[in-house]
Amino acid sequence: MIRALRSLAFFTVVVLIWEACSRAGWWSPVLVPSPLAIGDYLLTAIKDGSLFSAGWVTMQRLIIGYLIGLTVGIPLGLLTARFRFAADTLGVLALGLQTLPSVCWVPLALLWFGQTESAMLFIVIMGTLWAVLLATDHGIRQIPPIYRRAASTMGSGGLHLLWHVLLPASLPHLVSGMKQGWAFAWRSLMAAEIYVTVLTGFGLGHLLHYGRELQAMDQVAAIMLVILIVGFAADKILFSPWEAFLRKRWGLV
């Protein structure tokens, strides 16, 4: 509670100083909008429904692409952790592609899928897949060898060893990878929505892009704030409690 109040006090002071400097004319409001201007835009966007509509479209794309990335990435990570051939081929490919900025997938997505929802999902999946694959591989490799030997002694092997022993034992590392995959997916989607216009739905990235085109910096700053809040909420509500529980349950803290 004390830490939360301390953080709240800090950000309150920052906002007050920001507003005071804006009123004093230290910078142009066209370049750096005041907190009140940002708040006015948020209230207007909430009242007319544009913020909720864009947020819903974005979250749908994010969740679908992220789940597909998890569904593909976890099994592939298990393969690279268990088989040397997969590690020397697929693992090396994943390591290289993870370093590729998400925006690099945009031209390929446009060429392959056009300006469609499939292009959006492809970019999100590429942002998620490789991070989850590498996290799963790393988690399996961090398991103490005694677990594997004990399971083998009791007759476990093959898929049973992977599914019932190695995967549960790697969960703390895997959740950290899922958290990282979520962050990559979020960034990938923002890049996709900024550069790809899809008539089936306008997301938060589109509002950010249109704000830049119209030189409406209050809109740009407000959407950036919403994106930060969504990312922070996902971490604090979903991933951090789950990660803390698993680390405590597995005796890592």
Side-chain angles (χ1 to χ4, degrees), residues 50-80 90-91 93-139 167 171 173-210 223-240 242-243:
S50 60
L51 185 61
F52 290 117
S53 176
W56 175 244
V57 170
T58 293
M59 292 307 298
Q60 282 183 302
R61 292 168 177 161
L62 179 65
I63 292 173
I64 294 173
Y66 177 69
L67 290 178
I68 295 174
L70 287 182
T71 303
V72 178
I74 292 176
L76 292 181
L78 292 173
L79 287 177
T80 58
L90 185 59
L93 177 66
L95 189 61
L97 291 179
Q98 191 201 19
T99 63
L100 193 68
S102 302
V103 70
C104 294
W105 294 108
V106 174
L108 284 177
L110 287 173
L111 285 172
W112 292 348
F113 303 102
Q115 292 183 329
T116 63
E117 289 290 340
S118 298
M120 294 284 189
L121 290 178
F122 173 78
I123 297 169
V124 176
I125 292 169
M126 289 298 103
T128 307
L129 174 60
W130 311 115
V132 172
L133 188 156
L134 292 174
T136 305
D137 178 89
H138 176 73
L167 186 59
L171 275 179
H173 300 283
L174 181 57
V175 172
S176 298
M178 292 170 64
K179 178 179 175 180
Q180 185 180 20
W182 175 270
F184 277 108
W186 191 227
R187 296 170 188 174
S188 301
L189 181 56
M190 289 302 100
E193 288 188 342
I194 287 173
Y195 289 103
V196 182
T197 300
V198 179
L199 297 180
T200 53
F202 296 98
L204 294 175
H206 294 114
L207 292 181
L208 190 67
H209 172 68
Y210 297 148
I223 299 303
M224 289 176 64
L225 178 62
V226 171
I227 292 171
L228 285 173
I229 291 174
V230 172
F232 180 80
D235 177 67
K236 293 301 181 182
I237 295 174
L238 180 59
F239 291 106
S240 289
W242 192 14
E243 192 175 17

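What you see below is based on every heavy atom in this structure, not just the backbone, and it leaves out hydrogens, waters and symmetry mates.
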Mutual orientation of the aromatic rings belonging to His206 and Phe202 [parallel < 30°, tilted 30-60°, perpendicular > 60°]: perpendicular
Inter-residue atom distance Ser50.OG - Leu204.CG, 0.5 Å rounding: 10.0 Å
For Leu133 against Ala94, the heavy-atom pair lying closest together: CD2-CB, 3.7 Å
Distance-minimising heavy-atom pair for Ser102 and Ser188: OG-OG, 2.7 Å
Parallel, tilted or perpendicular, as decided by the 30° and 60° cut-offs, for the rings of Tyr66 and Phe239: perpendicular
Note, Val106 side chain near Leu110 side chain (heavy atom, < 4.5 Å): yes
Met224 atom CE, neighbour heavy-atom count above 12 within 6.0 Å: no
Thr58 OG1 to Leu207 CG distance, which is reported to the nearest 0.5 Å: 8.0 Å
Nearest-0.5 Å distance, CG of residue Leu97 to CE of residue Met126: 8.0 Å
Full working for side chain to side chain contact (heavy atoms under 4.5 Å, CB included) between Leu90 and Leu79: CA-CA 9 Å; Leu90 185 59; Leu79 287 177; 5.5 Å; no
Flag side-chain contact, heavy atom, 4.5 Å: Leu108 against Ile123: no
Spacing of CH2 belonging to Trp130 relative to CG belonging to Leu95, to within rounding of 0.5 Å: 11.5 Å
Trp112 and Phe122 aromatic ring geometry - parallel, tilted or perpendicular at 30°/60° bounds: perpendicular
Shortest non-hydrogen contact between Met120 and Ala192, atoms and distance: SD-CB, 3.7 Å
Trp186/Val230 under side chain to side chain contact (heavy atoms under 4.5 Å, CB included): CA gap, chis, key distance, verdict: CA-CA 10 Å; Trp186 191 227; Val230 172; 3.8 Å; yes
Residue pairs involving residues 227-237 (criterion salt bridge (Lys or Arg N to Asp or Glu O under 4.0 Å); sequence neighbours excluded): Lys179-Asp235
Pair Phe184-Val132, side chain to side chain contact (heavy atoms under 4.5 Å, CB included): steps then yes or no: CA-CA 10 Å; Phe184 277 108; Val132 172; over 6 Å; no
Gap between atom CG of Leu121 and atom CZ of Phe113 - 0.5 Å precision: 9.0 Å
Value rounded to 0.5 Å, distance of CG in Leu67 from OG1 in Thr128: 9.0 Å
Intermediate values then yes/no, side chain to side chain contact (heavy atoms under 4.5 Å, CB included), Gln60 and Glu117: CA-CA 11 Å; Gln60 282 183 302; Glu117 289 290 340; over 6 Å; no
Nearest atoms (heavy-atom pairs only) where Thr99 meets Gly96: OG1-O, 2.6 Å
